[in-house]
Amino acid sequence: MGETGPCGPCSEIFFDHGDHLPGGLPGSKDEDGDRFIEIWNLVFMQFEQVTKDKRINLPKPSVDTGMGLERIAALLQGSHDNYETDHFKKIIGSASEITNVKSDQSNLASFRVIADHLRASSFLIAEGVLPSNEGRGYVLRRIMRRGMRHSHLLGSKEPVFYNLFDTLKNEMSGNYPELVRAESLIKETLKMEEEKFLVLLDRGIKILNDEISKIDKVLPGEVAFKLYDTYGFPLDLTEDILRNKSMSIDTEKFKSLMKESRELAKKNWKGSGDAAVEDIWFGIKDKIEPTEFLGYETNQAEGAVLSLLKDNKEVDQLKQNDEGMIIVNQTPFYGESGGQVGDTGEIVSNDFKFEVTDVQKKLGDLFVHYGKVKSGSIKLQESVELKIDVERRDNTRAYHSATHLLHESLRRVLGTHVTQKGSLVEPSRLRFDFSHMKPILNEEIDKIEEFVNTMVSKKSDVKTRLMTPDEAVQNGALALFGEKYGDEVRVLSMGDEDGKYFSTELCGGTHVKNTGDIGKFKIVSQSSIAAGVRRIEALRDKQLEEYLKNKEKLLNLSAEKDEETIKDLSQQIIKLGGKPSLDETDQKTLIKNLTKQLETISVNAILEDKSKNIIKDEEINGVKLRLQKIDGIPPKELRKLVDKGKKDLGEGIVVVFANKDDKVGLAVGVTDNLTNKFDAVQFVKVGSEIIGGKGGGGRKDFAQAGGQDQSKIEEAFEKLKSLV
Amino acid sequence: MADKTLNEIRNTFLKYFEKNDHKIVESSNLVPNNDPTLMFANSGMVQFKNVFTGLEKRDYIRATTSQKCVRAGGKHNDLENVGYTPRHHTFFEMLGNFSFGDYFKEQAIHYAWDLITKDFGIDKKQTLCNCIP
């Protein structure tokens, strides 16, 4: 229990092991001896401790009792030593066999430590806690390393713990099936940590012994810091070794060096965006512990508020309608990284409700919840409940796992030159950019989809392991772009291919437990986003169904619309006296053909309409001149008309104006035998200026220009006549 | 009871309370999801915290558990003692019985006494009790 919660009077039951053991009655000054042992504590809960100074009566008095199993087992087996029970004897016996060392009084402590720490480590790893440098992971690492140091003390040069696990599993998996479920994770984590630690220990001890020979009583802080910073040798271990030699460390110096190193990191930080805003995170990071991410295992958790921000400033309180940020000590919310978007959800307590719209990681391990206070208010240090939008996360992680399967499938089908260039994993789609020089063929897309869908339909479990980066690469892991990797990496393996994993990648994201959870997968688009980089977008499961349904609807819709267009076009053709040619079966082609037919037929109709097509043939200074004006014909028809005019005249100049939709086109043709006297370009230039256009262009025998003012067509005619 | 294994003793405890209308409830995770001030579950009542205060309802009012506990960080930290005493652990199991607004002192004491003197067969003469108000 924490510092607050239900409480009340209690009654303890003790056992007297007899006067052959030292120890006084409970409550006496010698009570800590081995003779009188507390075996059971019965707590009668009548109150609730609300704050440090305030307790209230509980609505219904309750009972809470606690009895240590190891202790009662020892007692019932006739011993006061928990490590003498059948259970611990088995583990210690195995440890003795594996290390090849007999247990006796001199090494008893080491065997106890190994047995105890094996249990703690295995059960913590089984729940997804993995060794790290912060929070629960750090406590686990300390337990593991303390245990490993004792196996080292027994003279063991090889990893011991992972070999011991089988004994523990046989003993306890009956009651705790998680030990079987997580067996490989536990063994691999134990082995890796131990191998790493043995190397570190050997190196550190060598350096430390070297340094110890140079000092009298106190190890300089610089040395302890170098051991810690450069060689990863934990401070508590250095202290422990020195304590055995009655020496100590200059911890003040050590602390000041730690501080300096943090300052340096801050100075070297190349964050994105506004430097002042990024600076805030350094201030906060100095004050609070890194956020512990619980989201691999749980969707909901309680947390204590460590920092509140509004308008990029730290505040003591957030009130209703405030937009701001919240940092808590632990969170189930995933912070955007590795392409996977941050979770959304809510943070609540009593009447306080904060809608989380995004979560970003700052300086690597501060999880910042962005959002708005919907109701109530929150202050620093208060407890809150954090709940992620589970459906959204489920979809997001399915897309993340789908991305891994897609990546490997691309490599299988297109070749191993495929490497990730970018990735976006959202709850509603995935986008994947990768190196590939040419468009992906339809047959290739089919094959890629088939690979992914086969892995999905096999419904195999997804496996997470922790390894060193080197080991991960040896295991064939593909590194995902955009992630920073530390001493150890999470390795995701999924897909069953003849008992082997189909895909293995380094990844800190959240994933499905089983590939079956991904659902049907389909690539819905591909494009090129840069030289040699292609982009794929894909959908799965419900969104895919939705997409396919919509696509069908759209197709039906456009088919209906096309049918209407065809009808419309046909009617227009018939109206102009034509006969629509409807032999083509493809709707789109048919529409194209009919549109062309309608155009031709309308142009012909206009040409035959004397009120719309006015032709005046004249002869000026012995040169034949045709002046033609047509209503409702597009400029592209002009050349045809000029050519026809030239043919009709045999020798002369043809000037045609056509106007349609407020635009005027002008074209002039000069028959070849007159091009030494007249220049069509010159005519067009003069004419277009009058109708409000620009010079146009062409050759001596044909030139064309545009304009806007159809009222000036007559004026232009007269002007052109004067040029002949 | 001298020939009973640790596994059998756990079972005896749970079955005793099951016989007395308690629901055998699985141990909750070591990483608590209902208490931010707590690093690891360190007693049997952790998973029932909100049931005791009335915030959460379960479909039983009597329960018994064998709870996984870790004391190695935070308020209870036994790490440095482990190895050097016969009874310190970082990981241990805590057996417990719980009443949520159902029976109280008298019945609880009766169960405890009945179990240790009869089912466990501990000699009454070797047993002491106290009371801390």
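Below, chains carry the letters A, B, ... as their sequence lines are ordered, and counting in each starts from 1. Keep in mind the model is a prediction, meaning the values are calculated, not measured. Reckoned from all heavy atoms, side chains included, excluding hydrogens, waters and symmetry mates.
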Under 4.5 Å to a heavy atom of chain B? For A:Glu178 that would be side chain

Applying a strict 4.5 Å limit to non-hydrogen atoms, the region of B:Leu115 in contact with chain A is side chain

Okay, A:Leu58 and chain B: the region with an atom under 4.5 Å from a heavy atom over there is side chain

The interface call for A:Ile114 against chain B, heavy-atom contacts under 4.5 Å, is neither

Anything under 30° is parallel, anything over 60° is perpendicular, the rest tilted; go ahead and classify A:Phe293 against A:Tyr296. perpendicular

When the 4.5 angstrom heavy-atom criterion is applied to B:Ile109 and chain A, the contacting part is both

If one checks every heavy atom of A:Asn329 against chain B at 4.5 Å, the contacting part turns out to be side chain

Okay, B:Thr64 and chain A: the region with an atom under 4.5 Å from a heavy atom over there is neither

Bottom line for A:Asp34: the part with an atom under 4.5 Å from chain B's heavy atoms is both

Honestly, the part of A:Ile13 sitting under 4.5 Å from a heavy atom of chain B is both

If one checks every heavy atom of A:Arg146 against chain B at 4.5 Å, the contacting part turns out to be side chain

Honestly, the part of A:Asp64 sitting under 4.5 Å from a heavy atom of chain B is both

Original post:
Relative to the ring of A:Phe15, is the ring of A:His17 parallel (under 30°), tilted (30 to 60°) or perpendicular (over 60°)?
Top reply: perpendicular

When the 4.5 angstrom heavy-atom criterion is applied to A:Arg71 and chain B, the contacting part is side chain

Applying a strict 4.5 Å limit to non-hydrogen atoms, the region of A:Leu25 in contact with chain B is side chain

Under 4.5 Å to a heavy atom of chain B? For A:Glu38 that would be neither

